[in-house]
Every structure is written in structure tokens, then in C-alpha cells.
> 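Before we start, here is the structure in question, set down as C-alpha cells.
Convention: sequence-line order gives letters A, B, ...; per-chain numbering from 1. Note that these values count all heavy atoms, side chains included, but never hydrogens, waters or copies made by symmetry. Source: prediction; values computed, not measured.
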Amino acid sequence: QQQVKQSPQSLIVQKGGISIINCAYENTAFDYFPWYQQFPGKGPALLIAIRPDVSEKKEGRFTISFNKSAKQFSLHIMDSQPGDSATYFCAASRGSARQLTFGSGTQLTVLP
Amino acid sequence: DSGVTQTPKHLITATGQRVTLRCSPRSGDLSVYWYQQSLDQGLQFLIQYYNGEERAKGNILERFSAQQFPDLHSELNLSSLELGDSALYFCASSPGHQHPSNYGYTFGSGTRLTVV
């Protein structure tokens, strides 16, 4: 019930291409869905987040699409750049305590 | 710099030993969260403190304990260490569990623990 499943495990995209990472959750009580970006040797950093009452949120080149009925959400990175090469984690949380349940991560490599 | 400070950055210790990891939250943040990141388990929530009180508990082993002090810094104590405890340990902070901007809290850079 607490699991968040993320795919793919790794992704290689050409510069300028679109990177798409998908996540699925089981617990319908989740009410907050953030994406985190992590570079080697650093902690995860919040990239973008969405609440379940919204189907899409866009911030610059990053877009979250959210499908409540399918219990799925995805991250789209438009015009991917080599500097976007990092590990991306989806996550979900519920309740006032706000602890995050993370997906397994996607290692994105953007080729120059 | 995220504003969340973790020390030490690296720690190498032997099995059976005890270590203490320290976290200073961002200025003004009342909540502190501890996470463990390992290759096989991914990022796992361990425990949360809010203004000195334990608020939520996740997959934290009985050999592990934490506390948050009056100045709001937090310590994670790991004892009777095993090889499998080798991991990155992250601390994160947020304004507070009731605060509307509590979402999307800030992580520190982590402590890499190696148990040999």
C-alpha cells in the first residue's frame, strides 16, 4: 500500500530530446507527489510537485502529468540538456507528518 | 548550499561500533526527517521529529535511535553496526508539519557511512 513504482531504471536521451519518467502508486491516500533530482554526492533536491486535484503542472522545461484514476504520474523533461543528467526520484506523501515514500529512481543520461 | 548541514560527510567504522550523525536544519525549520539511501533499498524514511518531539517513524531498526534538541539540531545514533548498515544517511528539514509550505522539504548533502 505504501509502494511507489518507478520506471525506467535508466534512460539515455539525446540533447534536445524529451525525457519521460513514469511512476505508479497504490495508496489512494497519497495527496502530494513531488519529483526530486539528485546529483552524485548531493542530497535530493525538489524539482517540481503536484497535488491530485491538478492533472498537469509545468515549470520551465519540467512538466508533471497526473492521472488520478490510473494512479500514475510522470515527469517530462523537454529540450533535455547534458546538465539534466542526474538521478530522478518520484515520491508521494500523505498526512500531516509528510514523510516521503520514494520510487526506486531513474538514472538519466543526456548525450551532448 | 541547501541550508541543511550534516556532519560528518564521511564515516568509516567497524562492525559492532556505534556512531552519531548530526543534522542542523535550515534556519526556522522545526521538522527534521532522517532517510537512509542504500543501493538495494533505495531511499527509505527512518524517523521524523517536530520541535523536539518524535512525530513519525518509518523503517528504523531498533539499533537506531534519534533525537532533536532544544536548538532543533538532530542526531541519529546507530549502534551495533553491521555491514548492511553501510549507506548514505540524509537529513531533511521543513518549516513544520502543520505549516502550508511544509511540502517539498530540503535535504542535506548526507553522511556516507561505511561499515567494515
> Carefully, step by step, assess L43(B) and Y36(A) under the rule side-chain contact (heavy atoms from CB on, under 4.5 Å).
CA-CA 11 Å; L43(B) 268 162; Y36(A) 280 82; over 6 Å; no
> How many angstroms lie between atom OG of S93(A) and atom OH of Y105(B), to the nearest 0.5 angstrom?
7.0 Å
> Less than 4.5 Å apart, side chain to side chain, heavy atoms only: is that true for Y35(B) and Q99(A)?
yes
> Give a yes or no on whether L46(B) and L100(A) share a hydrophobic cluster (residues Ile, Leu, Val, Met, Phe, Trp, Tyr; joining criterion: side-chain heavy atoms under 4.5 Å apart).
no
> Transitively linked via ILVMFWY side-chain contacts under 4.5 Å: F107(B) with L113(B)?
no
> Grab the two heavy atoms, one from F90(B) and one from Q38(A), that are nearest each other, plus how far apart they are.
CZ-NE2, 3.3 Å
> Quick one: list whatever passes side chain to side chain donor-acceptor pair (under 3.5 Å) with D71(B), sequence neighbours left out.
H73(B)
> Does I20(A) belong to the same Ile/Leu/Val/Met/Phe/Trp/Tyr cluster as L108(A), with side-chain heavy atoms less than 4.5 Å apart forming each link?
no
> Got a sec: does the CG of L111(A) have more than 12 other heavy atoms crowding it under 6.0 Å?
yes
> Of the backbone (N, CA, C, O) and the side chain (C-beta and beyond), which part of Q37(B) lies under 4.5 Å from a heavy atom of chain A, both, or neither?
side chain
> For the hydrophobic clusters of this structure (ILVMFWY residues joined by side-chain heavy atoms under 4.5 Å, transitively), does one cluster hold both V54(A) and F73(A)?
yes
> Can you pull out the residues in residues 75-84 of chain B with any heavy atom less than 4.5 Å from chain A?
none
> Please check if the number of heavy atoms outside E62(B) that lie under 6.0 Å from its CD is greater than 12.
no
> When hydrophobic residues are tied together by side-chain contacts of less than 4.5 Å, even through go-betweens, does Y50(B) share a cluster with W34(B)?
no
